[in-house]
Amino acid sequence: MFLQVLTTGINIAASIPNPTPEQPPGTEGFTTILNWIAWAVIILGVAGFLCSAGFLAFASFTGREINGFKGLIISLIVCILAISAGTIINVFV
């Protein structure tokens, strides 16, 4: 009885189609805007990293290194999330 139910379940699961996602017509402009936003986020992340590195070098003379270090960590996290956003979205789509 159990094997028959299991076999039926496997046969039903095997017959479920696996559609490939495709872009709806007319959304080319939307994907272009998303690509521009992604580039802007990456550029801002790199700029933030460079500014934080400069602040860290300057702050080492005044004893406020922790603020520069926080900026470096935040900008690294932003860059990592911006680069991996496409991979994260592909997992769910």
Side-chain angles (χ1 to χ4, degrees):
M1 169 85 177
F2 178 72
L3 289 176
Q4 185 179 10
V5 171
L6 184 63
T7 305
T8 305
I10 291 173
N11 289 336
I12 290 173
S15 66
I16 296 175
N18 187 11
T20 57
E22 73 180 58
Q23 184 176 352
T27 59
E28 292 83 15
F30 181 69
T31 56
T32 301
I33 291 173
L34 284 178
N35 289 334
W36 290 352
I37 291 172
W39 271 103
V41 167
I42 291 171
I43 289 171
L44 290 175
V46 171
F49 180 81
L50 293 175
C51 290
S52 295
F55 181 76
L56 181 63
F58 179 73
S60 65
F61 297 116
T62 60
R64 296 182 293 167
E65 296 92 358
I66 194 69
N67 291 334
F69 184 71
K70 286 180 192 177
L72 286 175
I73 297 300
I74 290 171
S75 61
L76 284 174
I77 291 171
V78 166
C79 289
I80 290 169
L81 287 176
I83 290 171
S84 63
T87 306
I88 293 170
I89 295 300
N90 283 335
V91 168
F92 296 111
V93 174

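As a basis for the values below, the full set of heavy atoms in this structure was taken, side chains included, without hydrogen atoms, waters or symmetry mates. What you are looking at is a predicted structure, and each value in this text was computed from that prediction instead of being measured.
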Do V41 and I33 belong to the same hydrophobic cluster, where Ile, Leu, Val, Met, Phe, Trp and Tyr are linked whenever their side-chain heavy atoms lie under 4.5 Å apart, directly or via other members?
yes
Find out if a path of hydrophobic residues (ILVMFWY) with successive side-chain heavy-atom gaps under 4.5 Å connects V46 to L56.
yes
S75 and G48: which non-hydrogen atoms are nearest, and at how many Å?
CB-C, 3.9 Å
Straight-line distance of I66 CD1 to I73 CD1, nearest 0.5 Å:
9.5 Å
Same cluster for L50 and L76 if Ile/Leu/Val/Met/Phe/Trp/Tyr side chains link at under 4.5 Å?
yes
Rounded to the nearest 0.5 Å, the CZ atom of F69 sits from the CD1 atom of I74 at a distance of 11.0 Å
Backbone of A59 reached by a side-chain donor or acceptor of T62 within 3.5 Å
yes
Of all heavy-atom pairs linking A53 and L72, the shortest is N-CD2, 3.7 Å
